[in-house]
Amino acid sequence: MSNIVRKCHLLHVCCAPDLVISYLAGARGDLFFYNPNIHPQQEYEKRLNEVLRLAKLWDLDIISVEYEPSDFFERLAGSEAGIEAEPEGGKRCEICFRLRLEKCAEVVKKSGYASFSTTLTASPKKNVQLINNFGIEVSEDTGTMYLPNIYRKSILYNDAQKLINQLGIYRQGYCGCAFSISTPY
Ligand code: SF4
């Protein structure tokens with residue numbers, strides 16, 4: 001019999017509001033905050049601190065990594081010219097989703113988690129089918145297990161909005177990267 005103890009689920013978290021929606025939709029497991037797309041650093045820390053607040057409130061373990069915006073910019077630099085100017089939802093976002101899912105799968109594999117998913121699918125503004133397709137592709141490439149979901153379809157979505165307000169959770173005014181600051185929500 002193997003001595004390897006498999007950990008349960010790893011939930012990639014993009015921001016606190018989407019974590020609340022996902023949590024009320026039933027998402028559980030250890031949290032993984034990896035979002036090198038967020039700009040500037042103060043905004044990154046603000047979003048991370050809100051996620052840390054929820055992790056403490058719900059007694060969830062969290063893995064967070066150093067702020068490494070170069071991860072994001074290097075990916076963009078290795079892509080086609082002009083990708084920075086893509087509209088939100090375009091090819092730049094595909095790279096952004098994939099980068100975060102790939103890093104999550106890396107941790108899943110290294111630490112022996114059974115599966116992973118992402119709170120990105122809680123966002124009403126994102127192409128969740130595309131995110132789930134990337135999650136499946138990444139899991140196939142890495143020998144991990146991605147659990148497709150659409151957390152924003154939760155029947156408790158409206159309750160989640162109320163809870164976000166009750167807890168005074170910071171709601172970001174733009175998606176995250178430097179190129180999205182000029183397209184506020
Ligand atoms: S708009 Fe959002 S999803 Fe798209 S690249 Fe920027 S941070 Fe990533």
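For ligands, and for the atoms within them, numbers begin at 1 and follow the listed sequence. No hydrogens, no waters, no symmetry mates; every other heavy atom, side chains included, goes into these values.
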Worksheet item: Under a single-linkage rule joining Ile, Leu, Val, Met, Phe, Trp and Tyr whose side-chain heavy atoms are separated by less than 4.5 Å, which residues share a cluster with Y174?
Response: I181
Discussion item. Considering atom 4 (Fe) of ligand 1, could you give the total of protein N/O/S atoms lying closer than 2.8 Å?
Written reply: 1
Discussion item. List the residues meeting salt bridge (charged side-chain N to carboxylate O under 4.0 Å, His left out) with D59, not counting sequence neighbours, and say none if there are none.
Written reply: none
Discussion item. Checking T121 against N149: is there a side-chain donor and acceptor pair closer than 3.5 Å?
Written reply: yes
Worksheet item: Going by distance alone, is a donor N or O of one side chain under 3.5 Å from an acceptor N or O of the other, for H9 and S117?
Response: yes
Worksheet item: For residues E106 and Y34, is any side-chain donor paired with an opposing acceptor at under 3.5 Å?
Response: no
Item to complete: Mind checking salt bridge (charged side-chain N to carboxylate O under 4.0 Å, His left out) for K126 and listing every partner two or more places apart, or none if nothing turns up?
Response: none
